[in-house]
2 protein chains.
Amino acid sequence: MVVDRLGTTFAALSDPTRRAMVERLSRGPASVHGLTEPFALSQQMISKHIAYLVRARIVIKTKRGRESICTLRPEAIKTVSDWALSYRRFWEESFDKLDVVVNQMKKEEVRDDRKSG
Amino acid sequence: MVVDRLGTTFAALSDPTRRAMVERLSRGPASVHGLTEPFALSQQMISKHIAYLVRARIVIKTKRGRESICTLRPEAIKTVSDWALSYRRFWEESFDKLDVVVNQMKKEEVRDDRKSG
DNA sequence: GAAATCCACTACCATATGGTTGTGGATAGG
DNA sequence: CCTATCCACAACCATATGGTAGTGGATTTC
């Protein structure tokens, strides 16, 4: 595990500010300044957060004049989706079992009704 | 942002050992000892990792005699899936755009073939 | 050319985390 | 009862991270 890419991705997404940045960038590229405005954080801190997103390959930064334009990489988000969906069978099975339990409880209710009715 | 639940979840999943634990637990509950065996880590460290998963509500721990049984919470994984899937439109649009570019490149190739052939 | 804007780099601090070692409490089995 | 097993708790260390403040380099704009 020389470089734990998925781990870096999850770590980058563990901060609410960075997830808000992802949300913003999903609606189109933005400059560092543009990403600073919505938050009550210093420009330095925003740059630091962006650096984490870049390191996790979630965001790409390109210079345009004196501005740095940030673009979201769709594959990065899809990677997270793919990871979670690989457990889809697990949670669907669990919910099915829950259904069984709920149905069992409903039967018990009916029996209770019969007893008390 | 008193408690950033999704953030805690992502943070818990940012470690490869903990993701391996999730993978193991997706195939059924296990004791702390059972979770220790596959890894070259001390029992104390495993307990610490489990504690992070418990705090993130990804895992539930119940005592059974002298053992602690760990169970994976399906909803926790589904939460991650839901988050990522909320950007599905974004990455699918991006891939569509990529298709346009690729098709454009194919056309250019055809033109090149005509020129060089 | 001078000033303002956009941004990066550095130093610094507090806290969380990955990891170790040591220890002690329960429970299970002889 | 005695011992081995399963596990939690505490102290300790190094590093990464969220955050601050200060500074300086480019690029626009006047």
Side-chain angles (χ1 to χ4, degrees), chain A residues 1-25 28-72, chain B residues 1-25 28-72:
Chain A
M1 220 115 1
V2 182
V3 280
D4 179 14
R5 173 128 7 255
L6 188 54
T8 310
T9 301
F10 276 128
L13 294 174
S14 70
D15 185 274
T17 301
R18 291 195 290 259
R19 285 200 308 283
M21 286 176 166
V22 167
E23 202 280 326
R24 165 66 188 81
L25 292 177
S31 67
V32 174
H33 182 70
L35 285 175
T36 306
E37 282 175 335
F39 305 103
L41 281 176
S42 63
Q43 171 259 314
Q44 291 90 328
M45 204 54 227
I46 296 292
S47 284
K48 230 177 185 180
H49 279 307
I50 294 176
Y52 294 138
L53 289 171
V54 168
R55 197 183 51 178
R57 295 174 179 270
I58 297 175
V59 163
I60 291 177
K61 231 171 46 173
T62 49
K63 292 226 69 165
R64 203 180 60 188
R66 68 176 164 182
E67 290 187 322
S68 280
I69 304 298
C70 301
T71 311
L72 189 59
Chain B
M1 220 111 10
V2 182
V3 280
D4 178 15
R5 176 136 352 263
L6 189 54
T8 310
T9 302
F10 276 128
L13 294 175
S14 70
D15 185 273
T17 300
R18 291 195 290 259
R19 285 201 307 284
M21 286 176 166
V22 167
E23 202 281 327
R24 165 67 188 81
L25 292 177
S31 67
V32 175
H33 181 70
L35 285 176
T36 306
E37 282 174 334
F39 305 103
L41 281 177
S42 62
Q43 170 260 316
Q44 291 89 329
M45 202 56 226
I46 296 292
S47 284
K48 233 178 184 179
H49 279 307
I50 294 175
Y52 294 137
L53 289 171
V54 168
R55 197 184 51 179
R57 296 175 181 270
I58 297 175
V59 162
I60 291 177
K61 232 171 46 172
T62 50
K63 291 225 70 166
R64 201 179 62 187
R66 67 179 164 180
E67 291 187 321
S68 280
I69 305 298
C70 301
T71 310
L72 190 58

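Here is the naming used below: chain letters follow the sequence lines, and residue numbers restart at 1 for every chain.
Across all non-hydrogen atoms, the minimal contact from A11(A) to S14(B) is N-CB, 3.6 Å. The nearest pair of heavy atoms linking P29(B) to R24(B) is O-NH2, 3.8 Å. The two residues P38(B) and G34(B) come nearest to each other via the heavy atoms CD-O, 3.2 Å. Closest approach of L25(A) to C70(A), counting heavy atoms only: CD2-O, 3.6 Å.
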* Which letter, B, S or -, goes with each nucleotide of nucleotides 15-20 of chain C from 5' to 3', with contact meaning a protein heavy atom under 4.0 Å? -> --SSBB
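Phosphate proximity of dC7(C) to S47(A): absent, as no side-chain N or O sits under 4.0 Å from OP1 or OP2.
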Distance-only donor-acceptor hits, side chain of residues 41-51 of chain A, under 3.5 Å, sequence neighbours excluded:
residue, atom, partner, partner atom, Å
S42(A), OG, M45(A), N, 3.2
Q43(A), NE2, S47(A), OG, 3.3
S47(A), OG, Q43(A), O, 3.4
H49(A), ND1, R18(A), NH1, 3.1

Throw together a table of side-chain donor-acceptor distances under 3.5 angstrom for residues 57-69 of chain B, partners on residues two or more places apart or in other chains.
none

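If you check residues 28-37 of chain B against DNA chain C, you find no residue with a heavy atom closer than 4.0 Å. Of all the residues in residues 60-71 of chain B, G65(B), R66(B) reach under 4.0 Å from DNA chain C with at least one non-hydrogen atom.
Nucleotide dT20(D) holds its C1' atom 13 Å from the CD atom of Q43(A), rounded to whole Å.
Within the 4.5 Å cutoff, the side chain of L13(A) has no heavy atoms near those of the L6(B) side chain. Contact annotation: the side chain of D4(B) approaches that of R19(A) to within less than 4.5 Å [non-hydrogen atoms, C-beta and beyond].
Residues satisfying the side-chain hydrogen bond (donor to acceptor under 3.5 Å, both in side chains) test with T36(B), not counting sequence neighbours, are none.
One distance of note links OG1 of T8(A) with OH of Y52(A); it measures 12.0 Å at 0.5 Å rounding.
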